[in-house]
Amino acid sequence: MPELPEVEVVRKDLERDVVGKRVKEVDVRLPRIIRRHAAKKEFTSRLIGRKISKVDRRGKYILLSLDSGDVLVMHLGMSGHVERTTGRKALEKHTHAIIKFQVGGELRFVDMRQFGELFVTGGDEIAGVKELQHIAIDPLEDSFTWQHFSESLASRRTKLKALLMDQKFISGLGNIYSDEILWASGLRHDRASDTLSAQEVRRLYRAMQEVLQEGVRFRGVTLEDETYKDLYGKTGEMQDHLKVYGREGQPCRRCRTPIERARWSNRSTYYCPQCQV
DNA sequence: GTTTAACCCTGCACGC
DNA sequence: TGCGTGCAGGGTTAAA
């Protein structure tokens with residue numbers, strides 16, 4: 001399930017590989033994946049003939065700017081990935097959209113569970129786009145300071161995990177990385193956000209930077225039953241470095257206590273009952 | 001303001 | 001072996 005590190009890996013690959021490429025043809029095979037246009041024709045017509053000028057990320061959204069001023073917005077949902085390939089390769093199952101370039105192959109949007117989405121919007125309208133306007137500060141941004149984080153935490157009264165996964169609070173974290181960050185900082189998922197000492201806030205802040213940077217360095221998490229891959233079909237390696245996620249019953253890597261799993265609104269949370277307080 | 005449930009969809013495990 | 005049922009999984013949003 002792509003979270004900030006996975007999306008950042010894809011963004012970086014796209015930046016290196018498709019900036020400067022001009023779109024020749026667009027093939028939408030599953031129209032419902034285009035969320036903001038009733039007609040897929042508008043989607044394709046705003047892309048064809050346009051050159052990709054830069055690739056940004058906002059939370060888990062990837063923004064491909066076009067030389068027309070429009071922006072192609074992409075979200076990988078839970079099971080999506082982007083494949084960079086030549087047109088000759090056989091289509092992978094669940095390929096929902098194909099963007100062909102004039103020179104140099106094509107991009108394929110593949111998403112088994114169809115929770116991902118694509119749409120085009122005007123660059124000047126982007127601030128008002130419903131999907132993007134609520135996205136909070138990025139934890140890897142320079143402006144995300146310890147002071148900023150500390151004040152935001154204190155202003156809320158929620159369980160830590162819910163807060164970390166709230167895209168309106170901080171952007172980019174999902175189930176896996178929030179569990180890993182909480183383990184690394186020695187804090188429980190159900191700890192109230194306004195009860196943290198200054199030292200605990202600092203630990204959480206630091207863990208966030210370290211875990212996310214590690215995730216990017218290992219090119220993301222690809223679990224056994226999941227489909228995340230980079231642009232070239234390679235799986236990530238971060239799954240081999242996870243400390244708690246998916247390790248129910250196995251000994252904590254810090255204190256050997258068996259890792260427990262809690263259910264929280266139909267989602268799993270993994271934590272060490274001993275060393276996370 | 002905070003918490004919970006439902007929805008989106010496919011693949012798979014399970015029981016018969 | 002085949003079929004039907006139920007459910008996991010994450011992000012978002014609506015409702016409580």
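Letters A, B, ... are given to chains in the order of the sequence lines, protein chains preceding strands, and every chain is numbered from 1. All values below were derived from every heavy atom in this structure, side-chain atoms included, with hydrogens, water molecules and symmetry-related copies excluded.
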Novice: From CG of A:Leu30 over to C1' of B:dT10, roughly how many Å is that when rounded to an integer?
Specialist: 12 Å
Novice: Under 4.0 Å: is that the gap between some side-chain N or O of A:Ser268 and OP1 or OP2 of C:dG9?
Specialist: yes
Novice: What integer distance in Å separates A:His96:NE2 from B:dC9:P?
Specialist: 10 Å
Novice: Within less than 4.0 Å of OP1 or OP2 of B:dG11, is there a side-chain N or O belonging to A:His94?
Specialist: yes
Novice: A:Tyr61 side chain N/O closer than 4.0 Å to the phosphate oxygens (OP1, OP2) of C:dG11?
Specialist: no
Novice: Give a yes-or-no answer on whether the side chains of A:Ser268 and A:Arg263 include a donor-acceptor pair shorter than 3.5 Å.
Specialist: yes
Novice: To the nearest angstrom, how far is A:Met112 atom CE from B:dG11 atom P?
Specialist: 6 Å
Novice: If only atom types and distance count, is the side chain of A:Arg11 paired as donor or acceptor with the main-chain N or O of A:Ile62 below 3.5 Å?
Specialist: no
Novice: Is there a donor-acceptor contact under 3.5 Å linking the side chains of A:Arg156 and A:Ser152?
Specialist: no
Novice: When you measure from the side-chain N and O atoms of A:Arg263 to the phosphate of C:dG9, is any distance below 4.0 Å, counting only OP1 and OP2?
Specialist: yes
Novice: What do you reckon, do A:Phe115 and the base of C:dG11 stack, with centroid distance below 5.5 Å and planes below 30°?
Specialist: no
Novice: For A:Asp111 and C:dG9, what is the distance between atoms CG and P respectively, to the nearest whole Å?
Specialist: 17 Å
Novice: How are the rings of A:Phe169 and A:Phe149 set relative to one another: parallel (under 30°), tilted (30 to 60°) or perpendicular (over 60°)?
Specialist: tilted
Novice: With a cut-off of less than 4.0 Å, is there a side-chain N or O of A:Gln167 near OP1 or OP2 of C:dG11?
Specialist: no
Novice: Quick one: is A:Arg156 getting a side-chain N or O under 4.0 Å of the B:dT2 phosphate, OP1 or OP2?
Specialist: yes
Novice: Tell me the interatomic distance from A:Asn175, atom CG, to C:dA8, atom C1', rounded to whole angstroms.
Specialist: 12 Å
Novice: Let's see if you can work this out: which of B:dT2, B:dG11, B:dT10 has an atom nearest to the side-chain heavy atoms of A:Lys93?
Specialist: B:dG11
Novice: Would you indicate, yes or no, if C:dG11 has its OP1 or OP2 atom less than 4.0 angstrom from a side-chain nitrogen or oxygen of A:Lys60?
Specialist: yes
Novice: Just how far, in rounded Å, is P of C:dG11 from CD of A:Glu117?
Specialist: 13 Å
Novice: Could you state the OH-P distance from A:Tyr245 to C:dA8, rounded to the nearest angstrom?
Specialist: 13 Å
Novice: Choose from C:dG11, C:dT13, C:dG9 the nucleotide whose nearest atom is closest to any side-chain atom of A:Lys130.
Specialist: C:dT13
Novice: Using a 3.5 Å distance criterion without hydrogens, assess whether the side chain of A:Tyr205 forms a donor-acceptor pair with backbone atoms of A:Gln147.
Specialist: no
Novice: Nearest whole angstrom, please: distance from the P of C:dG9 to the CE of A:Met165.
Specialist: 12 Å
Novice: Any side-chain N or O of A:Arg267 under 4.0 Å from OP1/OP2 of C:dG11?
Specialist: no
